[in-house]
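Just so it is clear, the structure is predicted and the values come from calculations on it, not from any experiment.
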Amino acid sequence: MNGNGVRQFGIHTYDQWTAMWNGDLDLAAKIMAPEFVLRYAQAGTEAFDDVRTPQQLADIIAAWHRERRGLRFVAEGAAVVDLALVDGAPTGLVARPYLASYLASGTGEDARTVARSGTDTLRITNGLISEVWSVSSGSAGRTFYR
């Protein structure tokens, strides 16, 4: 894998991270290290503090989808990829802004969509996500991109 291949690996890993958050929960076992750390700065994410395994993460993502109708995550902006091959495996950081949205109330034309922007920084160790830092605009926040 050359420099461009390592960059593409980082972008692909972030895309898989996003797909996992959009409900492809089988990806947790494929992209997450057997044990990892999540660091979520936004209010209401305290439940993530104790999540350490791929199955725990899949379970909590499923719960978030049950509580937030139509929850969708979309990567926005350019990815920042700082990866190198260490003992043949990509290791380093990938960061990218995202937009999360869901229907908070109402139906049809009366439905109110809540949208929040944030940035996730993924630490990749031996090709797997070993730590995540996530910061979003929170409940009183705004979206970054229009």
Item checked: ring pair (Phe, Tyr, Trp, His ring centres under 6.0 Å) partners for Trp64, two or more places apart -> Phe48

Check: Atom OG1 of Thr119 and atom CD of Glu76: how far apart are they, to the nearest 0.5 Å?
Finding: 9.5 Å

Item checked: Interatomic spacing from CG in Leu27 to CD in Gln16 - rounded to 0.5 Å -> 5.5 Å

Notebook entry, point to check: How long is the gap from CD1 on Ile129 to CG on Leu122, to the nearest 0.5 Å?
Noted result: 4.5 Å

Next item on the list: Could you list the residues that satisfy salt bridge (Lys or Arg N to Asp or Glu O under 4.0 Å) with Arg52, not counting sequence neighbours?
Entry: none

Note to self: Restricting to salt bridge (Lys or Arg N to Asp or Glu O under 4.0 Å), what partner residues turn up for Arg123, sequence neighbours left out?
What the structure shows: Glu131

Note to self: To the nearest 0.5 Å, what is the distance between CG on Leu99 and CZ on Arg116?
What the structure shows: 10.0 Å

Check: Quick one: are Trp133 and Leu38 in side-chain contact, heavy atoms under 4.5 Å?
Finding: no

Check: If two hydrophobic side chains count as joined below 4.5 Å and joins carry through other members, does Tyr40 share a cluster with Phe73?
Finding: yes

Note to self: Taking side-chain hydrogen bond (donor to acceptor under 3.5 Å, both in side chains) as the definition, give me every residue that meets it alongside Asp82, ordered by chain and number, with sequence neighbours left out.
What the structure shows: none

Next item on the list: For Thr53, enumerate each residue passing the side-chain hydrogen bond (donor to acceptor under 3.5 Å, both in side chains) test, keeping only those at least two apart in sequence or located in another chain.
Entry: Gln56

Checklist line | Any side-chain heavy-atom pair of Thr13 and Ile124 under 4.5 Å | finding: yes

Next item on the list: Would you tell me whether Asp120 and Trp17 have side-chain atoms, one donor and one acceptor, within less than 3.5 Å of each other?
Entry: yes

Next item on the list: Kindly give the heavy-atom pair with the smallest separation between Ser136 and Tyr98, and that separation in Å.
Entry: CB-OH, 3.4 Å

Distance-only donor-acceptor pairs under 3.5 Å for side chains of residues 83-97, two or more places apart:
{"unit_1": "Thr91", "atom_1": "OG1", "unit_2": "Ala89", "atom_2": "O", "d": "3.3"}
{"unit_1": "Thr91", "atom_1": "OG1", "unit_2": "Asn126", "atom_2": "N", "d": "3.3"}
{"unit_1": "Arg96", "atom_1": "NE", "unit_2": "Gly77", "atom_2": "O", "d": "2.9"}
{"unit_1": "Arg96", "atom_1": "NH2", "unit_2": "Gly77", "atom_2": "O", "d": "3.1"}

